[in-house]
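Comments concern the structure below.
A quick note: this is a predicted structure, and the numbers were derived from the prediction, not measured. The residues of the chain are indexed from 1 along the displayed sequence.
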Amino acid sequence: MGDEAVAGSAAPPPGFTGIYGRLTDEANGEGLIEATVKVVTGANKQALTDLDGHYKLALPPGKYDLRAFYDVYQGRRITGVIVTKGKATKLDVALSADVGAVQEVVVEARSDRRAEGALLQDRKKAAAVSDAISAQEIARTPDSSAGDAVKRVVSATVVDGRYVLLRGLGGRYATTLLNGALLPSPEPDEPSVPLDLFPTSLLANLNVVKSYTPDLPGTFGGGTLLIETNTYPSQFEFKPRLTLGGDTVTTFRERNAQAQGGFGETLGFASSDRALPDALPRDHRLGAGGESAQQLEGQWESFTNVWEKRTTRAAPNLGLGASLGDTLRFGNQRLGYLATVNYGHRDGVQTGDFARAARDESGSLISQDVARTTQGFSTANLSGLASLGYQFDRDNELTLFSLYTRGTDTRTYSANGNNNVRGDSYASTRLQFITRALSFTQLRGFHRLGLLGDSEVDWQANVSRVDRDEPDTRDTLYSAALNSPDAQLSFPNQPNSGERFFAELGETSTGGSLNLTLPFTSDFRLKVGGLTQVSFRDFNARRFRYLLTEEPVDRTQSPEQLFSPDNVGTSITVRETTRADDAYNAFLGIYAGYVSADYKPVEPLRLVGGVRLEASSQELTLEDPFTGVESDSGGADQHYLDVLPSLNATYALSPEVNLRAGYSYTLARPTFRELAPFIFFDFVRRRNVSGNPDLLETRIHNVDLRAEWFVGENDVLAASAFYKRFQNPIERVIRNPDSGDLGFENAAGADSYGVELEARTSLARFSPTLRPVRVGANLTLIQSQVDLGDSAVVGAQTNKDRPLQGQSPYVINVNVGYERPESGTEVAVLYNVYGQRISEVGVQGLPDVYERPFHRVDLSLTQKLGATQLKLTAANLLNASVTLRQGDVTVQTYKPGVAFTASLGWAL
């Protein structure tokens, strides 16, 4: 090899002066593992490359000669490499195989998918249109969960801090995969997986696939969210973390609270006092078993007599976490492990105004039932992750992964307002405690067969369990006549007052997938595979209501006085009001097979096309809540066989510029909750929500176009356009304009189309003095149009010309970052906003309910202090409000406040 001088300056890693770079195989560009870079002139020092081929040599300023070498490769000598004080010299070296030593050299490397640059390289090589955010980028934000982080992805928005919308579409149109496996949702009322269950410390990256490929599940609308969790590190690390935080509307202020509790509830485990009393019958309705009056009174009095809200002072938010991992090497074999545990506790206050829109006698839109609502809440999240991987050799690897995450919401509501229909003023409270838990275990394997062109097999098997428990939700309402201002509030003996509600949901899911990749030639690869995933859900609820008898009693007493043992059995009785449809079991089975071809007919053009055959069976059966006997009516039984073709084309104008196009035909299924006729009472909005067992599956045509230019390692410019045609889209509609009750219906069709623009770069392109500054921005513009079809089928919807429910017309993300590696300082300012979207579809002359834009500005400051990292964040600096409007009527509004956090992390 001839001598060659190579020296190029680049932004150095934090606090680093010397030489760094990557050793690769000249033939395929893959990194070389444990290759040697040695300084032969100017110093006596050497370094080994890591699993990705990267190395670094800390050296004082000067001029050096180096040699790079690796077994069965021809060594290479590089001379005249210059190191300047305060800068790093980047030196990438490609080695060619020594043909005299070996006939074939295969190099395996694993990229760090937590890094922004690695994700951009994956995106450039991907078969489909996709966008992602890495753990490196997430670390620059105030985001504490996947629900916060995903909104930084192009065209992604989040509802309620936990449910993702992709290209303005959520719920059934946004599938979530965890390490390639389908996840069930622990929520009975939402089809989306709540992303606040996943702390950001567990994440390697979040990737949104926007054009469909046959190896993905057929449920695909706005896109598929791929959550990849952290895997074991290449060297030992132990990282404890401590976080403290608060916000301007909660911390150190009084908030609504509940009397029940205990230390277990701070960890997410319900107190036994909340459970359905043991004295109550399980096999029959309360009072239907021939019990004596004395026995009945004993059962009534077995309920805990806790009904009233308490107040407490909100404490600062707390977060604790730690991770431990390493890779152990035994010759050519490797054993890697990672264990992570996280705990978080947060107090909150949400005070807002509520009203209901109605028409007066002249037809004008007026505000009714005006109320002031206050919600005090306390949330606890506990999660743990364990990953164990064993690489037998370059051809075989197994990974065992297990995740457990648990979230608890203790919510205490109070409301004061008017009910114009009844002519009452009222004061109401709700005490609610909800736990959500997800356990997920997965075994993954990768094998290179050495047959048919070195074919590869990857597979995974998984089992998961989600649970949601709502023990003893209590509602009370006291009212007085509006035309009697001096009248005292009293117990009205009406529905939604003096009620207790118990509900349990559990869902077990298991399945697996297998993929076989056959590289017949360098230009043609065939991929075949299949998936089976089955889910079993059980839901059961019981309801009880306190009623007045003819025995006189002071109805103005507080509920804990009114429902005391002195009155229960005389002036007060307890009736069970459990409905026949308050229990169901459900089954969803998905069975799929696919074939996909990856073909390069000419060098710049890549075609990836195939077809997926997916059969599904979705059954929901109502049960007797007491005997478990299945009902012959009121359920749902749906079976589909779908053929889902797709084609993606990529034309490389240059190594850095891609033109992409794609078409696919996909589907979206109704969820169990949308099919179940079960009625749930929405306390805040004072209305019922029920399902529809006659809902049909939605079919979707998808077309995507994109041009992308990978300007640098961490820089990209992209422009995209998309079109979607929906058949039978499912929407949430107002069934009764007087009460505001909600249901679900199929519209005849809908169209959605939009454009996406994205840019991220370092300002060093414009001036060397701006090298520390990075900027990024993305804009999504979307239009949609619903085809309602026969109005007799979908109900008397008011607006015949409107966008899809939940569709935002625009989404904007902007971030500006400053990084000074010499001092370990990093600052980021982030902005996010989404356009107004329909929350509920109006009927019978009432307008649609729109959620107004929410402008969010966040600030993050990170400072490295040796082995310690300090991170300070501020979120929602504009103190923006969440507002829902129906015409000129504000139906709900509240301020979440400005939130602050301070966290310390150690790398030991």
Side-chain angles (χ1 to χ4, degrees), residues 247 249-266 270-271 273-275 303-315 317 345-354 369-380 408-419 424-435 469-480 488-492 494-503 543-546 554-564 567-568 572 681-686 892 894-897:
D247 63 67
V249 299
T250 303
T251 309
F252 303 125
R253 298 172 185 261
E254 287 193 348
R255 69 169 180 88
N256 287 352
Q258 300 179 24
Q260 287 171 297
F263 179 72
E265 292 192 351
T266 65
S271 166
D273 292 338
R274 297 184 185 274
F303 287 105
T304 57
N305 189 33
V306 177
W307 292 88
E308 298 173 49
K309 68 180 179 68
R310 273 63 171 176
T311 58
T312 187
R313 195 164 295 277
N317 303 327
H345 186 273
R346 183 169 72 96
D347 287 344
V349 172
Q350 181 178 304
T351 301
D353 297 305
F354 163 77
D369 299 353
V370 177
R372 182 74 168 173
T373 63
T374 301
Q375 176 190 164
F377 62 87
S378 177
T379 64
T408 299
D409 290 331
T410 307
R411 298 184 178 268
T412 308
Y413 301 82
S414 61
N416 295 85
N418 300 325
N419 186 318
D424 293 337
S425 61
Y426 68 87
S428 60
T429 62
R430 165 175 279 192
L431 309 183
Q432 187 178 45
F433 180 90
I434 298 174
T435 63
D469 188 16
E470 185 177 351
D472 204 6
T473 292
R474 282 146 286 169
D475 289 330
T476 60
L477 181 145
Y478 278 57
S479 63
Q488 285 185 282
L489 295 173
S490 63
F491 183 71
Q494 70 182 40
N496 305 323
S497 182
E499 292 192 345
R500 312 184 85 117
F501 177 76
F502 297 78
R543 309 169 190 258
F544 304 90
R545 182 177 163 198
Y546 286 66
D554 183 2
R555 294 191 295 132
T556 64
Q557 295 180 94
S558 69
E560 291 177 11
Q561 293 174 320
L562 185 63
F563 303 148
S564 68
N567 292 327
V568 170
I572 300 291
F681 181 67
D682 181 347
F683 176 85
V684 175
R685 302 288 299 278
R686 315 298 300 177
Q892 187 179 10
Y894 65 90
K895 283 184 177 291

Subject >> Partner set under ring pair (Phe, Tyr, Trp, His ring centres under 6.0 Å) for Phe433, not counting sequence neighbours >> reply: none

Subject >> ring pair (Phe, Tyr, Trp, His ring centres under 6.0 Å) partners for Phe303, two or more places apart >> reply: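 Checked Phe303 against ring pair (Phe, Tyr, Trp, His ring centres under 6.0 Å); matches are Phe544.
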
Distance, nearest 0.5 Å, that separates [atom1] of [X] from [atom2] of [Y]:
X	Y	atom1	atom2	value
Thr408	Ile434	OG1	CD1	10.0 Å
Glu499	Arg474	CD	CZ	13.5 Å
Thr373	Phe354	OG1	CZ	9.0 Å
Thr250	Asn317	OG1	CG	8.0 Å
Thr429	Asp475	OG1	CG	7.5 Å

Non-hydrogen side-chain atoms of [X] and [Y] separated by less than 4.5 Å:
X	Y	result
Arg253	Val349	no
Asn305	Ser564	yes
Gln561	Asn567	no
Asn256	Gln375	no
Pro492	Leu477	yes

Shortest non-hydrogen contact from [X] to [Y]?
X	Y	value
Leu489	Ser425	CD2-O, 3.8 Å
Thr379	Asp409	CG2-OD1, 3.0 Å
Arg555	Leu562	CA-CD1, 4.5 Å
Leu431	Val306	CD1-O, 3.9 Å
Ser497	Arg545	O-CG, 4.2 Å
Thr312	Ala257	CG2-CB, 3.6 Å

Subject >> Name of the residue among Asp424, Asn418, Asn419 meeting side chain to side chain contact (heavy atoms under 4.5 Å, CB included) with Asp369 >> reply: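 When Asp424, Asn418, Asn419 are each tested with Asp369, the side chain to side chain contact (heavy atoms under 4.5 Å, CB included) holds only for Asn419.
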
Listed by chain and number, what are the side chain to side chain donor-acceptor pair (under 3.5 Å) partners of [X], not counting sequence neighbours?
X	answer
Tyr478	none
Glu308	Ser558
Gln494	Arg422

Original post:
Salt bridge or not for Arg430 and Glu470, using N-O below 4.0 Å?
Top reply: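 No, no charged N to carboxylate O under 4.0 Å.
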
Subject >> From CA spacing to verdict: salt bridge (charged side-chain N to carboxylate O under 4.0 Å, His left out), Lys309, Glu254 >> reply: CA-CA 12 Å; Lys309 68 180 179 68; Glu254 287 193 348; over 6 Å; no

**OP:** Scan side-chain atoms only and decide if Thr410 and Ser378 contain a donor-acceptor pair under the 3.5 Å cut-off.
**Re:**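 Note: Thr410 and Ser378 side chains miss the donor-acceptor criterion.
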
**OP:** Not counting sequence neighbours, list each pair that qualifies as a salt bridge (charged side-chain N to carboxylate O under 4.0 Å, His left out) and has a residue in residues 256-265.
**Re:**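 Every pair satisfying salt bridge (charged side-chain N to carboxylate O under 4.0 Å, His left out) with a residue in residues 256-265: Glu265-Arg274.
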
Original post:
Got a donor-acceptor contact below 3.5 angstrom from the Arg500 side chain to the Asp472 backbone?
Top reply: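 No.
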
Original post:
Under 3.5 Å, is there a donor-acceptor pair between the side chain of Asp469 and the main chain of Thr435?
Top reply: no

Subject >> Distance under 6.0 Å and angle within 45° of ring axis: Arg411 vs Phe377 >> reply: yes

Subject >> Criterion side-chain contact (heavy atoms from CB on, under 4.5 Å) on Thr476 and Glu560, from CA distance to verdict >> reply: CA-CA 11 Å; Thr476 60; Glu560 291 177 11; over 6 Å; no

Original post:
Between Tyr546, Tyr426, Phe563, which is the residue that forms a ring pair (Phe, Tyr, Trp, His ring centres under 6.0 Å) with Phe491?
Top reply: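 Among Tyr546, Tyr426, Phe563, the one meeting ring pair (Phe, Tyr, Trp, His ring centres under 6.0 Å) with Phe491 is Phe563.
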
